[in-house]
Amino acid sequence: MDKYQPKNIEQSWYQKWESGKYFAPQGNGPTFSIAIPPPNVTGTLHMGHAFQHSLVDSLIRYRRMKGDKTLWQMGTDHAGISTQLLVTERLAAQGIKPSDLGREKFLEKAWEWKEESGDTISRQLRRLGASLHWDTERFTLDEGMSEAVLEVFIQLFEEGLIYRGERLVNWDPVLTTSISDLEVISEEENGHLWHFKYPIVDSDEFLTVATTRPETMLGDSAVAVHPDDERYKALVGKFVHLPLTDRTLPIIADRYVDSEFGTGVVKITPAHDFNDYEMGRRHDLELINILNPDATLNNDVPEAYRGLDRFDARKRVIADMDALGLLHKIEDHKLAVPRGEKSGVVIEPYLSDQWFMAMKELAEPAIRVVEEGEIEFVPKAYENNYLVWMRDIQDWCISRQQWWGHRIPAWYDEAGNVYVGRSEEAVRAKHGLAADISLNRDDDVLDTWFSSALWTFATLGWPEKTRELEEFHSTDVMVTGHDIITFWVSRMIMMTLKFTGEIPFKKVYITGLVTDAEGQKMSKSKGNGLDPLDIVDGISLDALIEKRTSNMLQPKMAARIEKATRKEFPDGIDAYGTDALRFTFYSIATSSRTIRFDMKRVEGYRNFCNKLWNASNFVMMNTLPLAADAVSGDKTLSVVDHWIVSEFQKTAAAVERAMQTYRYDLAAKAIYEFVWDELCDWYLELTKPVLYNEAATAESVRATQFTLLSVLEATLRLAHPFLPFMTEEIWQQLPEEIRGGGETIMLQSFPEADDNLINENATADVAWLKAVVTASRNIRGEMDISFAKEIPILFKNGNDTDKARLERYESLLNFLIKPESLTWLEAGDDTPVSATHLVGEMQVLVPMSGLIDKGAEVDRLNKEIDRKEKERARAEGKINNPSFVDRAPADVVQKEKDKLVDLATALQQLIAQRERVESL
RNA sequence: GGGUGUUUAGCUCAGUUGGGAGAGCGGCGCCCUUACAAGGCGUAGGUCGCAGGUUCGACCCCUGCAACACCCACCA
């Protein structure tokens, strides 16, 4: 085989798998299904996606190999606001405004963009090896989804769970649409608290109010104080004059007011603040909307302010109040500023007509299924997040003043009556509306998450009663990030229960958030993001800088990003290949909430891939072409063969356990350690004395070759879910007699641990063998004896088992240690002064004459004695503690006693040894 | 203000019913030994955040504290 070059082996397999239809559900096993969290069509896959989808793919491949009828449902999301924003920006680059095009033409452009961008995602997923069932790929805006959305909307409307009303909603003045609570990100920012004096009517006095948003005073309809506030009690029921206007405001009392804060007097602006809105309802206050949809001031404010942007109006109001002597003071003040998740601009509470979904009733069963364990979160801690949010759920504003999305199936007549139905015809028919009554369809579309919420069942054909729905729903697992539990997971659970009576999935596996090496969230604006394919294919430093700094809004940032990038990746990024990247993802998929992505890890796992590749090369070099009787001929497995077979069983069991508990890190670790530490470091070395020995019997060679091949073959299957490409490549090169007749490793059975193949005697023998080899290597290493120098090795004070083992494994030891001689000493034999290591009670000795540095050996012995002394002191402490002996379990006590005896013997030997060396 | 999570070797992290602290990377030393220098062999390095408690015994269980991270919340 050539050197390990992922580029050469990862390109072609995916196509073969796909054209072979291997990703389709097949067989008669139990079903296993996962619906992909649909990537947004607008985007490209980032590290978080690659991470999640890699985890899912291993699970899917694992179940498929276990014989399950497995479906990984593919699809993408139309991502309403994001896509509309992107398309708008693209048009703007050509000098076109959406309004120039009109709704229909704009949507054509959006669809064009969707086709283009969807390809990118598909290509990326394929490069990652994701074994998705492409044939039934869906899109949240396709016909079937539209059908499902209609069905759901109409039913919920008819049940009164969807309603329309004028409410205060979160309004994005740049996107000019409402958004949901979840799409508002509040962050603490530095601001000011302006204290304004409002003159009290029929008095020379003032009430001073404090506000963070001065411009809203133009929409005030009251001022409020706490009913128990002695300072203001007498004023309740009186009025103040609202400066800059000709209006007067009542002074009201409400328990909501905090007397301690500011002046204890609050201006009330019911149309522009959520709290004030509630207070306005309690006190029947006037709602005065002072803003246009783009957050300029409307005609309900005094002429001087009309048409001003809200922030210009703020300056103007402050200046005017100051001029009137009514600006009492300005304080610095930290406040939580709500910003739109997508646009980044300050969100306004804004009064408008919107559609809402009543959530309380839907939430109840969705809370229950989690409380009762029907749906489990992994890690469990996230269940709390979910439950807390669900128990306090608010109605969901589902309408968006956008074009790209599912248009709301509602029509209005001229009188403003609303009719909901599948189509205008259906509505007319149902309500008996004559043809001469003109109907206008609602312009708004639904929040993207409305259709996403139907994902698990609508992708399987609902509302039709399809066989797929019957077979694959509920799905088994949902793998996603914690940031999306409220947006998506919760809504899927609610809607799926409501419309199918089933849970959407049995488990919710919440992955950690992938950050950069510094623990910073990867993002475009920070310029610290990585494209997973750049790790797969490699990228030059210049190209990476270009990628990270292009389309930057601030040139200053670009310079900083370039500097950081040059520092972090001075030579760009190597091409590590998909397998290495995937294996890295599994290894770092711990239960931690954030996961730092470190390129060093990728390098390490690329090395691991290389190791497995070379080991396979070794196996094939020494077994192929396969002799005619290689499989059929007699073979007696050696102890070493039995040992590696045993180790493999233990590894398979560990992987199985890990997969059951979603501990991908442990699965990866088990495979890594088996391949590197056992298979490569020991077993392959231990086969050489057989394979390279001209005197070896045909039978023993056959057994060794067979074991090499069969263990490798099984290892490839075990590793395939994690390293899909290289395992397939190598597996295909194995002889059919070994791998069976299958077309692809993908559809082979997943190795199951067989306890009957675990041979503890073999394990013990090999452990002894390793200990002896390690002991002599230690002496070599510590005494600085070169590997080329052949040294005599003596064994003393061993028991019968040691002696038998030495005889049995002499040739192996000769090969591994390359000694001048191996000599068993009986108790009475003369023993030269030697460097010593203990294997159990047996001494492994290397005579010092001419070889060994006396001082170094004394140092080494001192260190060893020191270590053993400490251990003995600890054990003695325990044994001499009566309560330990009385209360600890007998086996634990016995273990300590045994240890003490062993240590005493060992120490005695070491001290005697030290004396002998010192006396030289 | 409420809630959750994290704190273990220089760095990044494992540690599965409480019973002798581990890995990878990095460091140091030796080795181009015929699968692999993307390698081999050896080696150094830790009062397991702090303080109490339970226990014969605590990285692990309980309490408190600290630092960091994240989530939720209407303080003008």
Side-chain angles (χ1 to χ4, degrees), chain A residues 1 3-4 186 193 209-213 216 224 256-258 260-269 273-279 333 335-336 349 379 381-382 384-385 388-389 392 482-483 485-486 513 515 517 519 521 574 576 580 587-588 590-598 600-601 603-622 657-658 661 663 665-666 669 672-673 677 680-681 684-685 688 692 773-774 777-788 818 871 874-875 877-878 881-889 891-893 895-896 899:
Chain A
M1 294 195 333
K3 274 191 82 152
Y4 174 60
S186 282
L193 201 52
V209 300
T211 179
T212 53
R213 293 190 301 153
T216 62
Y256 159 76
V257 179
D258 178 359
E260 305 293 316
F261 189 90
T263 56
V265 186
V266 193
K267 59 188 269 311
I268 304 300
T269 321
D273 183 282
F274 290 101
N275 292 312
D276 293 5
Y277 182 77
E278 289 306 317
M279 203 184 298
H333 182 66
L335 72 164
Y382 286 106
N384 240 333
N385 282 17
V388 165
W389 190 75
D392 186 38
H482 71 88
D483 50 330
I485 292 174
T486 47
L513 185 78
T515 69
K521 202 166 166 175
D574 277 352
Y576 292 104
S587 301
I588 62 181
T590 65
S591 47
S592 164
R593 284 190 173 186
T594 56
I595 294 165
R596 293 180 192 222
F597 190 84
D598 183 355
K600 282 286 184 195
R601 295 288 294 261
E603 194 179 331
Y605 295 115
R606 188 272 316 266
N607 294 354
F608 172 69
C609 291
N610 184 52
K611 190 77 179 174
L612 179 56
W613 180 265
N614 285 315
S616 305
N617 186 33
F618 171 84
V619 171
M620 289 193 264
M621 267 173 47
N622 288 291
R657 244 188 339 265
T661 50
R663 287 300 303 268
D665 60 323
L666 298 182
K669 191 175 178 220
Y672 183 99
E673 288 177 350
D677 300 344
C680 292
D681 282 355
L684 297 191
E685 293 306 316
K688 288 174 184 175
Y692 296 172
V773 171
T774 303
R777 279 178 184 164
N778 281 344
I779 295 173
R780 248 186 219 285
E782 288 161 7
M783 296 300 116
D784 255 354
I785 304 168
S786 100
F787 191 84
K818 300 242 176 357
E871 270 187 67
R874 192 161 32 187
K878 284 187 179 181
N881 178 351
S883 35
F884 172 72
V885 179
D886 289 349
R887 303 204 191 184
D891 60 319
V892 173
V893 175
K895 221 168 101 188
E896 289 300 320
K899 191 198 293 179

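Remember, predicted model here, so these are calculated numbers, not experimental data. A note on names: the letters A, B, ... follow the listed sequences, proteins ahead of strands, and every chain is numbered from 1.
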Quiz item: Partners of A/Thr486 by side chain to side chain contact (heavy atoms under 4.5 Å, CB included), sequence neighbours excluded?
Solution: A/Leu182, A/Trp389

Exercise. List in chain and number order the residues that pass ring-ring contact (aromatic ring centres under 6.0 Å, His included) with A/Tyr382, two or more places apart in sequence or in another chain; answer none if no residue qualifies.
Key: none

Exercise. Classify the nucleic acid contact of A/Ser592 as base, sugar-phosphate or nothing, counting any heavy atom under 4.0 Å across all strands shown.
Key: sugar-phosphate

Quiz item: Contact class for A/Cys609 (heavy atom, under 4.0 Å): base, sugar-phosphate, or nothing?
Solution: nothing

Self-check item: Listed partners of A/Glu896 passing salt bridge (Lys or Arg N to Asp or Glu O under 4.0 Å), at least two apart
Solution: A/Lys878, A/Lys899

Output a table of nitrogen or oxygen pairs between the protein and nucleotides 20-29 of chain B separated by less than 3.5 Å.
{"unit_1": "B/G20", "atom_1": "O2'", "unit_2": "A/Arg874", "atom_2": "NH2", "d": "3.2"}
{"unit_1": "B/G20", "atom_1": "N2", "unit_2": "A/Glu871", "atom_2": "OE1", "d": "3.3"}
{"unit_1": "B/G20", "atom_1": "N2", "unit_2": "A/Lys899", "atom_2": "NZ", "d": "2.8"}
{"unit_1": "B/G20", "atom_1": "N3", "unit_2": "A/Lys899", "atom_2": "NZ", "d": "2.8"}

Quiz item: Partners of A/Lys611 by salt bridge (Lys or Arg N to Asp or Glu O under 4.0 Å), sequence neighbours excluded?
Solution: none

Quiz item: What stems involve RNA chain B, if each pair must be Watson-Crick or G-U and both of its distances must be under 3.5 Å, with 3 or more such pairs in a row?
Solution: B:1-7 with B:66-72, B:10-13 with B:22-25, B:27-31 with B:39-43, B:49-53 with B:61-65

Quiz item: Looking only at heavy atoms, which two atoms of A/Thr216 and A/Thr211 are closest? And how far apart?
Solution: OG1-OG1, 4.4 Å

Practice problem: Identify, with sequence neighbours excluded, every residue that meets side chain to side chain contact (heavy atoms under 4.5 Å, CB included) alongside A/Lys600. | Solution: A/Asp598, A/Glu603

Practice problem: Determine the interatomic distance between P on B/G10 and the same-named atom on B/G49; round to the nearest Å. | Solution: 13 Å

Quiz item: Which value, in whole Å, describes the distance between the C1' atoms of nucleotides B/G26 and B/C72?
Solution: 40 Å

Self-check item: A/Lys3: salt bridge (Lys or Arg N to Asp or Glu O under 4.0 Å) partners, not counting sequence neighbours
Solution: none

For nucleotides 44-48 of chain B, give me every protein contact, N/O to N/O, under 3.5 Å, one pair per line with atom names.
none

Polar pairs (N or O, both sides) under 3.5 Å between protein and nucleotides 1-4 of chain B?
{"unit_1": "B/U4", "atom_1": "O2'", "unit_2": "A/Arg593", "atom_2": "NH2", "d": "2.5"}
{"unit_1": "B/U4", "atom_1": "O2", "unit_2": "A/Arg593", "atom_2": "NH1", "d": "3.3"}

Quiz prompt | Any residue meeting side chain to side chain contact (heavy atoms under 4.5 Å, CB included) with A/Arg663, in chain and number order, not counting sequence neighbours | solution = A/Ala658, A/Thr661, A/Asp665, A/Leu666

Exercise. Would you please name every residue forming a ring-ring contact (aromatic ring centres under 6.0 Å, His included) with A/Tyr576, sequence neighbours left out?
Key: none

Quiz item: Which nucleotide in the set B/C13, B/C41, B/A38 lies at the smallest distance from any side-chain heavy atom of A/Asn610?
Solution: B/A38

Self-check item: Separation of the P atoms in B/G20 and B/C25, to the nearest angstrom
Solution: 28 Å

Quiz item: B/C41 and B/U4: how far apart are their P atoms, nearest whole angstrom?
Solution: 47 Å

